[in-house]
Amino acid sequence: MNILTIIGIAVVIIPSITSHEAAHGFAANRLGDPTARAMGRLTLNPIPHIDPVFTILMPAMLLLLGSPILFGGAKPVPVNVARLRHPRRDWAIVGAAGPVTNLVLAIAFSAAVAVLSRGFGMPANAVAIEALSVGIYFNVLLCIFNLIPIP
């Protein structure tokens, strides 16, 4: 994998993770809990979503150890369920906001791949197609992983 492909993948994955976390905060804010807004977490800027252990240390250690699996995460967006207008229903909506965002991004990346490959005749091994393909895979994986009920 060349450096352009790695940069392209980062350009696709970082906004995917940030959008996922921000979507939880946006949903909570709309449903009555301004906690994420008050903490400056309603942003697509990746810096506030960085967790020192899950975003930096864990992926770095897995890369250094030559692991075939790369795993990490962002800092979870804080939500105070007691501040939601209809706590039971709204908590489910806030929880679904992240995976739904990833599903929408996967569909958007799929459309972009279709336009680039069919519309512009770009080859399958082009950097843009490879990066977008990883984005599709990553967003579907993130969507499914976040739907697993882990207590």
Side-chain angles (χ1 to χ4, degrees), residues 1 4-60 62-63 69-120 122 124 126-151:
M1 200 179 299
L4 282 178
T5 305
I6 292 169
I7 291 169
I9 290 169
V11 166
V12 171
I13 288 180
I14 291 170
S16 297
I17 295 169
T18 304
S19 298
H20 174 97
E21 291 303 327
H24 290 303
F26 282 117
N29 190 54
R30 293 279 305 191
L31 296 170
D33 177 24
T35 306
R37 181 170 35 92
M39 295 179 74
R41 301 291 301 283
L42 287 187
T43 180
L44 294 177
N45 178 1
I47 304 298
H49 299 287
I50 292 175
D51 179 70
V53 174
F54 277 134
T55 309
I56 298 168
L57 188 61
M58 183 180 288
L62 290 170
L63 281 172
I69 298 171
L70 189 59
F71 186 78
K75 190 185 307 181
V77 171
V79 177
N80 184 348
V81 181
R83 297 180 92 176
L84 297 172
R85 289 185 206 99
H86 306 282
R88 193 175 179 105
R89 181 202 71 185
D90 294 350
W91 183 238
I93 294 170
V94 169
V100 168
T101 299
N102 291 118
L103 191 57
V104 168
L105 285 170
I107 292 167
F109 292 156
S110 297
V113 166
V115 168
L116 290 174
S117 62
R118 293 189 185 129
F120 293 105
M122 197 173 278
V127 171
I129 300 289
E130 287 182 4
L132 288 169
S133 296
V134 170
I136 295 165
Y137 176 78
F138 179 77
N139 277 287
V140 169
L141 187 67
L142 193 57
C143 174
I144 292 169
F145 181 75
N146 278 274
L147 292 175
I148 298 170
I150 300 171

Residue pair L105 / S19: nearest heavy atoms and the distance that separates them: CD1-CB, 4.1 Å

Heavy-atom side-chain contact between H24 and R41 under 4.5 Å: no

Distance (rounded to the nearest 0.5 Å) between L103 CG and I144 CD1: 9.0 Å

Result of checking I14, T55, T43 against H49 for side chain to side chain contact (heavy atoms under 4.5 Å, CB included): T43

side-chain hydrogen bond (donor to acceptor under 3.5 Å, both in side chains) partners of S117, counting only residues at least two apart: none

Nearest heavy atoms of D51 and A74, plus distance in Å: CB-C, 4.2 Å

Rounded distance (nearest 0.5 Å) linking atom NE2 of H20 with atom CG of N139: 10.0 Å

Closest approach of A28 to L84 (non-hydrogen atoms, all atoms of both residues): O-CD2, 3.9 Å

Any R30 side-chain heavy atom under 4.5 Å of I93 side chain: no

Inter-residue atom distance S110.OG - L132.CG, 0.5 Å rounding: 9.0 Å

Test applied, side chain to side chain contact (heavy atoms under 4.5 Å, CB included); reference residue, I9; option that passes from V11, I7, I13: I13

Side chains of F138 and V12 in contact at under 4.5 Å (non-hydrogen atoms): no

Spacing of I129 atom CD1 and F109 atom CZ [to the nearest 0.5 Å]: 12.5 Å

Side-chain heavy atoms of I56 within contact of I50, under 4.5 Å: yes

Side-chain heavy atoms of I69 within contact of L62, under 4.5 Å: no

Shortest non-hydrogen contact between A27 and A97, atoms and distance: CB-CB, 3.8 Å

Nearest non-hydrogen partners of C143 and P99, listed with the distance: SG-O, 3.5 Å

Euclidean distance, L31 CG relative to D90 CG, rounded to 0.5 Å: 4.0 Å

Nearest-0.5 Å distance that lies between atom CG in L142 and atom CG in L147: 9.5 Å

Set of residues satisfying side-chain hydrogen bond (donor to acceptor under 3.5 Å, both in side chains) with respect to N29, sequence neighbours excluded: R37

Partners passing side-chain hydrogen bond (donor to acceptor under 3.5 Å, both in side chains) against D33 (at least two apart in sequence or in another chain): T35

Shortest non-hydrogen contact between A22 and L42, atoms and distance: O-CD2, 4.2 Å

